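Contents: one structure, followed by commentary.
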Amino acid sequence: MSVRSLNPALLSHFNSYGLVKFTQGFKNVMQPVILQKIIDKLDLKSKYPESSSMDIIDIFPGYGIFSSMINYELKPKHHLLIEGNKDSAAMWKERISHLENKSFNSEHFEVVNKSGYSWTTYDDLTKEKIINPTFQSFDKPHDQLLIVGNLTSNFGESLFTQWVMCSYYRNWLHKYGKVRMLVLIPQESASKFITMSGYSKRNKSACKLEILTNTKLIAITEHKDRSKPQGASYDPRVLIRDQPLILPNSSVIPSGGQVALVEVVPKNIPELDMALLEYIIQLFMYKSTMPVDYMLEYISPGAREQLGPKLPAHLRTKQVKLLTGEDYLEIYNVFNAWPFKPTLQETMGITLEDTREL
Amino acid sequence: MLKGAIRRQRIRACLSGFHGPNVRAAVYRSKRYSATAATSTSTSTTHSGPGATTLFGGGSSLFQYPLIEELKSRNLAESKSSIHEKSFDQIDPSTDIPSGSSTNLGWSSSYDPVVRSPFAKDELHLNSLLEAMLTSKNFNRAQNVLHTLYSLLMSPDTFVYSLNRYLEAWGAEETVSLEDMEGLLKDMNKRYPSLRRNNRTYAILLAKAIDEHVHMDLIRALPRKTVRDMLTYVDVIGGDGLNTLFSTQEFTQDYVPDELMELFHLVRRETVTDEDLHSPSASSIVSASASASASPLSSPLSSSPLSSSPSSASLSSSITSSKETIPTLDKDSEDLLSVDSFGMQAIRSTLLGLQAESSESAKLMELIEELKSEPDSIIDHLLVQKRDYFAIYRSLKTPEQKKKFNELLELHNRERERELEIRGVDAAREKWKHEYEELIKRGAMQVSRNLNPLLYQWYSALLPYVVEEQRLCIDLVNGDVNYDELTAEEATQMKKRAHYAPYFVLIKPENLSVITILELLRLNSVGGIADGMRSTRAMVSVGKALELDYKAQELCKTERKKYSKLTKNQQDWKRYLGTRKDSEKKDSIVDNEWGSVVYSKLGGILLALLLHVAKVPVSYKDEATGEKHSMELPAINLTYQYLSGQKVGVLRFHKSLVRMMGGNEIANSVLPQLLPMLVEPRPWTAFNDGGYLYTPNQVIRIKDSPETFAYLKAASDRKNLDLVYDGLNVLGSTAWTVNKRVFEVIGHYWNTGEEFIDIPPIVEEPQMPPSIPHNAEPMEKFEYQKQVRKILNETAALKSQRCDINYKLEIARGFLGEKMYFPHNLDFRGRAYPISPHFNHLGNDLTRSLFLFWEGKELGVEGLRWVKIHLSNVFGIDKVSLDEREAFINKNLDHVFASARDPLNYDWWKKADKPWQALACCFELEEAYQLEDPTKYNSHIPIHQDGSCNGLQHYAALGGDIEGAKQVNLTPADKPQDVYQYVCNLVQKTVDKDAADGNEIAIFLQDKLTRKVVKQTVMTNVYGVTFVGAVAQIEKQLAQYFNKDEDDKLAQHARYLTGLVFQSIRELFEGAHAIQDWLGEAAKRISKSIRIDYEESTANNSNKPSHMSSVIWTTPLGLPCVQPYRVTKKQMVNTNLQDVAITDPFGAAPVDARKQMAAFPPNYVHSLDATHMLLTAKECGEEKMSFAAVHDSYWTHAVDVNQMGECIRNKFISLHSDNLIRKVKDEFETRYKGFLQVVHIKNESPAAKEVRKVRRALVKELGRALTVADEVYIEKKRQELLNSEKPNEVKAGQELITPVSVIENINIEQDIVSSSFHKGVQVLIPLKFPPIPDKGDFDISLVRDSVYFFS
DNA sequence: TGTGTATATACTGATATAAGTAATAGAGAATTT
DNA sequence: TAATTCTCTACCGACAATATCAGTATATACGGA
C-alpha cells in the first residue's frame, strides 16, 4: 500500500518522536496508511485545482500526521498550524526547522502559537497579514481556503457547532466564502449531528447542520463492541449515503478512541431570525415523539390554536422527530409572520439569579 | 441569681435526656467496645506474635462458630414492598403482603430511641388513603386499606391508631350502632388476636354509647382509671357528650380526670342554677385569656357574658354579609392604587365583616362607641369605619381601657382568625365575583387592566371542569366505574385518576379552583424562572395548599363537633377543652402527609385544567393595515427550559398577564394561607401542635428527611423540647402592627412607578443595545448577546422584585391598623423563623420598617437614648461609642424632624444605610418630641441589638481566644471593636511588609485595602468558605482596579490577598479555628463511618460500604439536630402535565459525606446561637418584655433595651460556661459507639502488615476475594460474641482475630495517610474522635460588662 | 383444567440536553487499568 | 491494587430535571393437549 501523501522529508522526524503520548485530551488518527485512504476518498486535488496558491488553516493539529499528509497532497501556499499548546507548538517548530534543513520548508508550515479556541487568534491572522485569502462568491465552495480541525477534545462539540454557525453568519473564516471544513470529531458527536430525520439521536445541532450545510461522514472508527455491526451507532441512512471509511481502532490514540472525520460544506442560506428558528427546534425536541400540532403550544401560548390551521395537514400531524430541515423552515416561516411570536426574552431563556445583596 | 441556677440545671437535665436508658436497650448489651479493647490488650499481642501460624485461636477450624460458611452463603433479603405506588383501587390485603420483616433499623445509629420502619412509605400512603376514604365515607375501601396496613406495621400498638380512626369515622354514622362497633372490634380481634384496644378506642365507643344513652353501662364495665383516661379524648367524646355525661347523676366525680374537674363542677352547678353564669366577675376571667392560652386549664373558672349566639351561624353567614359591605369599607384604595389587591380586600373584608354577627365583636363595638363618646377622644367615625384598631388602641388613656380593649379585640379577632383560616378562600372568590360583576355593569371588561375580574373568568371557566373531574373521581372511589365500558384511552386516564381521586373528592370544587389559581399567582418568578415558575414547584405547591386547606377544614369540623349543640358557655368550654388538635396524630409514626407524589398529581390535574381554560385578552396592530385586533390567548402555557444543560418543566405566563400583574395599577391576589395571625398563636405543645388555630404546622421545617422527623418526634414525646417551645412561644406572643406612616410613604413612591431606594421601577420595554450586522464577528456576536442577556436579566429581576414587594405590601395593607402575631417554627438547627412567608420581620430594610410593636411602652430617659442610638445604627453610624451615636442624632435632630414632617421632599433620611428603618425611627422621634417631655412618649418602635459577627462570637467563646474575643466585643471596651477592620489591618501589615520586600502584587494592593474587601470573606469564613470561594469574593472587590482583559492578573492578586486574609483570621481566632477543625474532623469521621449492624443489601458494591450515619447532636436546649444531607434518590412521577422528578425521602440513602463535613461546623455554631436566642427569648418573656429576633439581632422596646442586653449577656455566659465541645464529644461517643472508620495507612507500617496477614488467611479460607462488607460482617459477629451472655461465646469472640481486632490496639495515628496517597492500604478501625483542642484563656464572664457585645 | 409459547406491557437504566472552557488549586471521589 | 480523571468549591431560610429508548422482566392471550 502506497502512502502517497506522506512527506518523505518528515519520516525521520516522525520516527524520532515515536508514537507520542501527549494527546492533550485530543484523539487522533495516527496511521498513515489509513489516512491515505481518507485523503483519497476526499479527492482533495479536484476540489482545490490550484492548490499551490491556497491557504490551509489547521486548527489543533496536535501531532499532525494527518496535517502533514494533507499538506503534502495539496502543497498549499500557507499552511497555518493554530496550536495553543506549548508542547505541540514546540514540536511543530522543531519539525519545521527539521524541514528547513531538508526542503527549506517548501511545505510552508507556519506555527501560530495561539489558542484555536479564541476568536482573536483569527483576527490577528489577517491583521498581521499572515494570510490574505480571496473573497469568493457564495454560489460555490471556496477553492482557495480549507479549514482542517481536530475537535475531539472536551469543548470540541460546542466549538464545532459554533463553526457551523459562523458558516451561516458568514463571519470568522467563512467571511471569505463557503469554506470547506475537514473536522475530526468524537463519535458521540458525529452520530448525533450527522443524521436524517427520524433517527433517534438527532438533536438540535443536527437539524441546524442539515439546514445550514452539506455535511458528509468521511470516515468512522470501528465499533467498540465487536458483536455489533460496523457503524452501529450511526444513522444507517447516512452510512448508505456517505459510505464512510471504517478505521481500525488501533489507528487512533488514545487507543480505543471513537472518532469520525466529517466534511462540512456550507450552504448559501438567506438571513433568518436564527434565534427563533433555534427556539422552535429546541422546544420541539423536548418531546420528540409528539406531533407538531401538540408541540406548537409549548412554543407560545395560543400558537396551537392560531398557527395550527396555517400549517399543511401532513406537517401538523407529523411527529416532531420526523421533521426534516425543510419542514422546520416551513414552520419557522409561519411563526415568523405571527404577531405573537416568542420574544427575545423567551428565545434567550432568561433566568433570574439571586439578587440579594451580600 | 438563684433562679438562673435552677434554670441552668433544668437545661442540663434536658441535655442528657436523649441517651439514657435506651442506650442499654440497643443491639449490644452491657459490655461495650472499650471494655473489650481493654481486656484484649494483652491477648492480641500474643496472637500477633510469630507463633500464631493459625490465625483463628489455635485450632485449624474456625471454632464453633461457622463464620466462613455464613460468609459464603450470606444472602440478604431486602424488605420490600411497593404498596406506596398503588392507587387505592389496587390495594388488596390478601395479596399486599410485604416481603421481609418490619424491624426497626434506626437511622444514623441504633442507640437512639427513634423508629424507622422499612415500610414507612407504604404506611404513610395507606394512612393518607385511609383518612381520605373515611372522609369520603367509603368504609369498605377504608377497611381494605386498614387490613393491608396491619401487615406493614411494626407493632399492633401502632395499628390501633389507624383502627381508631376507622372506628371513629364509621361510628359517627347514624346508621351504625354501638353493637355494630363492638361487632367490628370482635371481628378484628378474631383476625388479629394480638390487637389491643386502647383508651381512645373506649372513648370512641363511649361517644356512641352516650348517643344511645347507654353510657353508664359501658362506664361501669371499665376500671375507673381507664374511664378517667378515656375522657381526656375530648375530641372524640365532644362537648355535648361531656355535657350529657356530666349531667348524668350516676356519673360520679371519681370518674372525672383532673383536667376536666372544673368543667365537671361547672356542669353540675349549671344544672343547679343558671344565675352563676352571669356573674360580674366575667371580665377578670376573660382577661386571663391572653396568657391563659399557654396553659388553658389553669385559668380560673367562670363564664363569660358574651356567649349567647351560636357561632356556627356566623360562620356561614359572615361571608355573604360582608360582601355587601365591601365598597363602603374599602380603606385607602385611592391612596394606593397599586396595592389594590382583591385577594387582600377579600381578606380584609373577612377581617372587617364579622362585627354584626358575633357577640364578641358587638361587645367590642360597644366599647369603642363608649370610648368615642368620652371627652377629647380622638376616635372619630372614620377611624372606626376603617377599623384602625391600632389608632384607637393608641389613643386610649388608661391602662384599664387598654386592657379591656385588648381583651375584647382578642375575642373579636379569634372569630376573625377562624374566618381567615377557614373561609379565606371563599372570601377571595366572592371578591372576584363582585369586581367582575361591577366591571360587567360598566361594560368595561375588555379595557380593564384589573386582574380580579379576569381571575373570576378563569374561575368560572375552570369550575365546571373541576366539578366534572370530581364527579369522575367520586364514581371511581365509589367503585361505579366499569372499565369495560371505557375506551383504552379513557381507561388509562381512569387508572391515572385512581392515584389522586381519593384526595380530589375531599375538597369542594370551588376551593380546588380558587386555590389553584391563587397559588399559581403566588409563585410567579420563583425558582429562577422569569415570568413563570417551575412546573414541578407549581404542582407540588398547589397540592400542598390543598392539603393545608383540607386539614384546616377538617380540624374545624372536629372542633365544631366538640361544641356543636352547646349554646351556653361556649367560650368557657372552648377555653377548657382548648383548641387541641387531634391528639391521635401525635402517636402515629409519621405525620400523615399526603406526600409529594399526591401533591404533584393533584396539582397536575388541576393545573392542566386551568391551563386549558385560562385566557388573557391581547391585542396587536396589523402592520400592514394599521388595524388593531383584539383577541384572547391562553394565559399560561407549559413549556420547558434548559437550566445549565438540564431540562426543567416551566409554566410561563403570557406577557400580557405579566404586565397586568406587575404594573402599578394592579396587584396580586393573595392566597389567604399562612398569613400573620390576628390572635396569639396557639402555644407549641408538641412537634406538630402549635401556631395557627386550624392550619397544621410542624415545629421544625423538615424537607425530605424522615430521619429528622423521627428524632424530633422522639425528643418531643419525651418532653425534651419544652424549653424550646417556651422560647418559641415568646416569639409568637409578640403582637405587632403595621407602621402606617411608613407604609404611606412607601405607597407614595411605589405608585410613582419609578425606582426609589429598595423599590424597583416599572420597566415596560427594556432598552436594547443597538443591533449589530448579521455577519459581525463571533466575538462581537457573543458580546452583544451577553449584553442583551444582561439587560433582559435585569429587567426580569426588577419585574420579579416588584412583584415580590407588591405581594408583601399587599399583606401589610391588609393588616393596617390590625393587631397581628407571627407564629414561629425552627429550621433543623433550631433557628427560628416566622411561619408566615413574604411579609415578616425577617425581610429587608423596607419590610422591617413596617413593623411596630402593638404594645407601647413609655420611653423614659434611657429609652429615648436608645431610639437615638438605633437611628444612628440604621443610619450607618454604628462603629462609634453609644454616646457618640446619641450625640450624632442630637446634632441632627432638626434633620430628623424635617425628615419626619416631609419625608417626600426632605432627603436626609434617604442617605441612611437602612433608609426605611431610619424613616420609621424619625417618625418615632418626631412624635416623641412633640410632647413636652419626650421621655413620656409611648413608644412602639422595636430597637435592635445586633451581635457583632455572632458566629465568631460563639467561636471565640468556644475557643477562648483572648484577642479574637476582644475583636468581636466579648470584652468590655469603650467603643465597639470592628473585627473586619482589624483583620484588614492585619492584612495591611503583611502587605506593607511584602511591599517593602519588593513584591509587585503587594505594592499594587498596598493602598487598595479596605474593610469592605475583606468583610465578606471574614464573614463567610464561619460558614467554611474554601480558598477558591474566597478568591472569587475578593476578585469581585478588586475587579474595579483591573481591565476586562486582565482576568489573570486580577486572579493573581485576589489569590495573594485571600491567602493573607485566611492567615490573619487563623491567627486572630486560633482557638476558634482549632474548634472549627475539630468539628469538621469529627463530622468527617462520623459521616465516613460504617455501622456494623447495618446490612448492606446491595452486594454489587460490597467493597464500598455505604456510610449511613448523619451527624446528630443535641443542643443545650434539648433539640436534636440531624443534618439532613443524604444522597437523594429521584422518583419519576407521571402527572397530567408532565413527568416530574420527586425526591424520594424514604430511600435508605447513604449520607452525603462531603456536605455533612462542610456544613457541620457552621450548623453547630448556628444551633448555639439559636439556643442563645431562645434562652434570651424565654427570659425576656418572663420579664414581660416584648421580644423578637432575627437570628442574631434581638429586638425589644426602647425602654427595655438595657434589661434585654443584660439578659443577652447572661444567657451567653451561662451557655458557654459549660464545656460544650466536651458534651458534643461525649454525645458522639455514645451515639456512634462501635462504629468502624475507613482509613488508609502506610503500606509498610506494622499495622498494615498485620491486617494483610489476616486478610490473606481469610481469603484462603473463603476461596474468594475478601470484601469490605465481609470484614464488617466478621467484625459484627465478633462484637456479638464478645457481648454474648454465654461465656464460651465470649471466649470465642476474644480468640477471634479479625482485620479490625489486630489493629484496634495499635496506635496507628502516625501511619494514617490521605486516601489519595498511593502507598496506602485501606483498613477498618474503631471510630474514635480526636482529642478536644486546648482552649484559650479568655474568661467568659468578661462578657457580662461588655456593652458592645450586642449593640 | 393445567401448561407452554407468543406477544403486549411494565419496569429499569442509560443517555442526552446547553454551549465560550469564566478565572484558579487542591482534596477527595469516581473510574479505569 | 494503583493510577488516572473528574468534581467541587459558603450555612440556613427557599428544594425539585425529563424525555426517550433499548433491553429485560412480567403479564396476558392464545392455542393445543
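Throughout, protein chains are lettered first and strands after them, A, B, ... in sequence-line order, and every chain is numbered starting at 1. Worth saying up front: this structure is predicted, and the values here are computed from it rather than measured.
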Contact nearer the 5' end of DNA chain C, comparing Val1031(B) with Thr120(A):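 The answer here is Thr120(A).
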Which comes earlier along DNA chain C counting from the 5' end, the contact point of Met779(B) or that of Ala1153(B), where each point is its nearest nucleotide?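 This one resolves to Met779(B).
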Which is true for [X] with a 4.0 Å heavy-atom rule: it touches a base, it touches only sugar-phosphate, or it touches nothing?
X          : result
Leu159(A)  : base
Lys1036(B) : nothing
Gly349(A)  : nothing
Tyr286(A)  : sugar-phosphate
Lys208(A)  : nothing

Between [options], which nucleotide gets closest to the side-chain atoms of [X]?
X          : options                   : answer
Lys703(B)  : dA18(C), dG13(D), dA25(C) : dG13(D)
Lys287(A)  : dT20(D), dA18(C), dA25(C) : dT20(D)
Tyr642(B)  : dT20(D), dT17(C), dC11(D) : dT17(C)
Tyr1125(B) : dA29(C), dC12(D), dT24(C) : dC12(D)
Tyr640(B)  : dT18(D), dT21(C), dC21(D) : dT18(D)
Gln1138(B) : dT18(D), dG20(C), dC11(D) : dT18(D)
Glu1035(B) : dC11(D), dA23(C), dA19(C) : dA23(C)
Ser158(A)  : dT20(D), dA19(C), dA17(D) : dA19(C)
Val648(B)  : dA17(D), dT17(C), dG28(C) : dA17(D)
Ser288(A)  : dT24(C), dT20(D), dC11(D) : dT20(D)

With rounding to whole Å, what would you report as the distance between [N] and [M] at their [atom1] atoms?
N       : M       : atom1 : result
dT15(C) : dT31(C) : P     : 12 Å
dA29(C) : dT12(C) : C1'   : 26 Å
dT3(C)  : dA27(D) : C1'   : 16 Å
dT24(C) : dA14(D) : P     : 37 Å
dT18(D) : dA18(C) : C1'   : 15 Å
dT32(C) : dA16(C) : C1'   : 23 Å
dT21(C) : dA16(D) : C1'   : 28 Å

Of all residues at least two apart in sequence or in a different chain, which pass the salt bridge (Lys or Arg N to Asp or Glu O under 4.0 Å) check with [X]?
X          : result
Asp1139(B) : none
Asp827(B)  : Arg829(B)
Lys321(A)  : none
Lys544(B)  : none

At a cut-off of 3.5 Å, list every protein nitrogen or oxygen paired with a nitrogen or oxygen from nucleotides 8-10 of chain D, distance to 0.1 Å.
{"unit_1": "dC8(D)", "atom_1": "O2", "unit_2": "Arg1154(B)", "atom_2": "NH2", "d": "3.3"}
{"unit_1": "dA10(D)", "atom_1": "OP2", "unit_2": "Thr1026(B)", "atom_2": "OG1", "d": "3.3"}
{"unit_1": "dA10(D)", "atom_1": "N7", "unit_2": "Gln1033(B)", "atom_2": "NE2", "d": "3.3"}
{"unit_1": "dA10(D)", "atom_1": "N6", "unit_2": "Gln1016(B)", "atom_2": "NE2", "d": "2.7"}
{"unit_1": "dA10(D)", "atom_1": "N6", "unit_2": "Gln1033(B)", "atom_2": "NE2", "d": "2.8"}

Sequence neighbours left out, what pairs pass salt bridge (charged side-chain N to carboxylate O under 4.0 Å, His left out) with at least one residue falling in residues 1029-1038 of chain B?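 Sorted pair list comes back empty.
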Quick one: salt bridge (charged side-chain N to carboxylate O under 4.0 Å, His left out) pairs with a partner in residues 1163-1173 of chain B, sequence neighbours left out? Arg831(B)-Asp1169(B)
Specify the separation, in whole Å, of atom [atom1] of [X] and atom [atom2] of [N].
X          : N       : atom1 : atom2 : value
Lys1130(B) : dA17(D) : NZ    : P     : 4 Å
Ile1034(B) : dT24(C) : CD1   : P     : 17 Å
Asp1139(B) : dC21(D) : CG    : C1'   : 14 Å
Trp172(A)  : dG20(C) : CH2   : C1'   : 14 Å
Arg537(B)  : dA14(D) : CZ    : C1'   : 7 Å
Leu638(B)  : dA19(D) : CG    : C1'   : 13 Å

Which nucleotides of DNA chain D pair, in dot-bracket form (Watson-Crick or G-U under 3.5 Å, | meaning another strand): .||||||||.......||||||||||||||..|
For the residue pair [X] and [Y], categorise the inter-ring angle as parallel (less than 30°), tilted (30 to 60°) or perpendicular (more than 60°).
X         : Y         : answer
Tyr286(A) : Tyr640(B) : parallel
Tyr807(B) : His838(B) : tilted
Trp172(A) : Trp163(A) : parallel

Comparing Asn154(A) and Thr289(A) on DNA chain D - which has the more 5′ nearest nucleotide: Asn154(A)
Using heavy atoms to find the nearest nucleotide of DNA chain D for His1191(B) and Asp704(B) separately, return the residue whose nucleotide is more 5′. His1191(B)
Anything under 3.5 Å between a protein N or O and an N or O of nucleotides 8-16 of chain C, put it in a table, one pair a line.
none

Compute whether any side-chain donor of one residue and acceptor of the other, for [X] and [Y], lie under 3.5 angstrom apart.
X          : Y          : value
Lys781(B)  : Asn171(A)  : no
Gln187(A)  : Ser233(A)  : yes
Thr1143(B) : Gln1131(B) : no

Test for a donor-acceptor pair under 3.5 Å between the base of dA19(C) and the side chain of Glu157(A), counting only N and O atoms.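 Between dA19(C) and Glu157(A), which were checked side chain against base, a qualifying N/O pair under 3.5 Å is present.
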My understanding is that only residues two or more places apart in sequence, or in another chain, count here; which of them pass side-chain contact (heavy atoms from CB on, under 4.5 Å) with Ala1030(B)?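 Thr1017(B), Val1025(B), Gln1033(B), Thr1058(B), Phe1062(B).
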Ser158(A): what forms a side-chain contact (heavy atoms from CB on, under 4.5 Å) with it, not counting sequence neighbours?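 side-chain contact (heavy atoms from CB on, under 4.5 Å) list for Ser158(A), sorted by chain: Gln162(A).
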Could you tabulate the donor-acceptor pairs under 3.5 Å formed by side-chain atoms of residues 1154-1162 of chain B, not counting sequence neighbours?
{"unit_1": "Gln1156(B)", "atom_1": "OE1", "unit_2": "Val1111(B)", "atom_2": "N", "d": "3.2"}
{"unit_1": "Gln1156(B)", "atom_1": "OE1", "unit_2": "Gln1123(B)", "atom_2": "NE2", "d": "2.7"}
{"unit_1": "Gln1156(B)", "atom_1": "NE2", "unit_2": "Gln1123(B)", "atom_2": "O", "d": "3.4"}
{"unit_1": "Gln1156(B)", "atom_1": "NE2", "unit_2": "Tyr1125(B)", "atom_2": "O", "d": "3.2"}

